[in-house]
Amino acid sequence: MLKDLMTTISHITGVEFVQASKEEIAKLESLNLPEDFTNYFSQYNATREFDLGDLRIWSIADVLIENYELVPGRDVSKHMYIVFASNSLGDAYCFDLSKEGIKYTLDNTPIVMFDHEEDYEIMSKQQVSEYAEMIADNLVKFLLDELKERD
């Protein structure tokens, strides 16, 4: 399902997905993502950022910048909310990997959104979690919903 979905997105946006380099994967691994996510990014590394309606999906290079340098990603990623996309306002869409004891996969990881105007820097994990707005049950549902909104 994900492969077909990414092919559709490629046709709609004109973006090309390429295999990530070993260097990119090594940098991505610094985010401590489960293997399923590293595999996703390594297979579907966009050659550039691209928009799908109001959604901007990031390449590996941009994912790293979003999670290490920019807000809100810099502040929420330390609590295992990993930014992979944003909207035109700058709100961040994240994989919610925040709960301990779960073996996360692309199929069971919720997608949440964080408002870019909040200051998460000094918040505890519990406080940050209260601002996580549930968007979709998983990546495929999230992308399908975005495609439907585009129509």
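- With P34 as the fixed residue, the side-chain contact (heavy atoms from CB on, under 4.5 Å) test singles out one of I102, T105, L97: L97.
- Under the 3.5 Å distance criterion, the side-chain polar atoms of H79 are left unmatched by any main-chain donor or acceptor of S98.
- In E35, the CD atom is not crowded: 12 or fewer heavy atoms of neighbouring residues, nucleotides or ligands sit closer than 6.0 Å.
- The shortest distance between side-chain heavy atoms of P72 and D75 does not fall below 4.5 Å.
- Rounded to the nearest 0.5 angstrom, D91 CG and H116 NE2 are separated by 6.0 Å.
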Evaluate the side-chain hydrogen bond (donor to acceptor under 3.5 Å, both in side chains) criterion for residues S59 and D62: first the C-alpha distance (whole Å), next the side-chain angles of each, then the deciding distance (0.1 Å), finally the verdict. CA-CA 5 Å; S59 66; D62 292 317; 3.1 Å; yes

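- If you run ring-ring contact (aromatic ring centres under 6.0 Å, His included) between Y93 and each of F142, F114, F84, only F142 comes through.
- Counting heavy atoms from C-beta outward, D145 and L143 have side chains that stay 4.5 Å or more apart.
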Output, in order, the C-alpha distance, side-chain angles, deciding distance and verdict of side-chain contact (heavy atoms from CB on, under 4.5 Å) for Y104 and D36. CA-CA 8 Å; Y104 286 107; D36 213 19; over 6 Å; no

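- In terms of hydrophobic clustering, with Ile, Leu, Val, Met, Phe, Trp and Tyr side chains grouped at heavy-atom distances under 4.5 Å, L89 and L52 are assigned to different clusters.
- Considering all non-hydrogen atoms of both residues, I60 and N45 come closest at N-OD1, 3.0 Å.
- Using modelled atom types, one side-chain atom of N108 and one backbone atom of K103 make a donor-acceptor pair closer than 3.5 Å.
- For the residue pair V63 and L28, the shortest heavy atom distance occurs at CG1-CD1, 4.3 Å.
- Side-chain atoms of D96 do not come within 3.5 Å of backbone N or O of V112 as any donor-acceptor pair.
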Contacts table for residues 5-20: side-chain donor-acceptor under 3.5 angstrom, sequence neighbours left out:
{"residue": "T7", "atom": "OG1", "partner": "K3", "partner atom": "O", "Å": "2.9"}
{"residue": "T8", "atom": "OG1", "partner": "D4", "partner atom": "O", "Å": "3.0"}
{"residue": "S10", "atom": "OG", "partner": "V15", "partner atom": "O", "Å": "2.6"}
{"residue": "T13", "atom": "OG1", "partner": "I9", "partner atom": "O", "Å": "2.8"}
{"residue": "T13", "atom": "OG1", "partner": "V15", "partner atom": "N", "Å": "3.2"}

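- Residues Y40 and L33 fail the side-chain proximity criterion, which asks for heavy atoms closer than 4.5 Å.
- We find the CG-NZ distance between L64 and K27 to be 7.5 Å, quoted to the nearest 0.5 Å.
- Between K78 and K125 the shortest side-chain heavy-atom distance does not fall below 4.5 Å.
- Within the 4.5 Å cutoff, side-chain heavy atoms of W58 are placed close to those of S86.
- Heavy atoms only, all atoms of each residue included: I122 and Q127 are closest at O-OE1, 4.3 Å.
- The hydrophobic cluster around L70 extends to I65, counting ILVMFWY residues whose side-chain heavy atoms fall within less than 4.5 Å of a member.
- The CG atom of L144 sits 9.5 Å away from the CG atom of L139 when rounded to the nearest 0.5 Å.
- For the atom pair CD1 of I25 and OG1 of T38, the computed distance is 8.0 Å after rounding to the nearest 0.5 Å.
- The CG atom of D51 lies 10.5 Å from the CG atom of N87; values are rounded to the nearest 0.5 Å.
- Distance CD/E133 to CG/D115: 9.0 Å, rounded to 0.5 Å.
- S88 and D54 form a side-chain donor-acceptor contact under 3.5 Å, judged by distance and modelled atom types alone.
- The backbone N or O of L106 lies less than 3.5 Å from no partner atom in the side chain of T109, so there is not a single donor-acceptor pair.
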May I have the step-by-step check of side-chain contact (heavy atoms from CB on, under 4.5 Å) for S129 and Y81, ending in yes or no? CA-CA 9 Å; S129 71; Y81 296 99; 3.1 Å; yes

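- When ring centroids are compared, Y131 and Y120 come within the 6.0 Å threshold.
- Residues Y68 and S77 fail the side-chain proximity criterion, which asks for heavy atoms closer than 4.5 Å.
- Taking a 6.0 Å sphere around CE of M134, one finds it holds more than 12 heavy atoms contributed by other residues, nucleotides or ligands.
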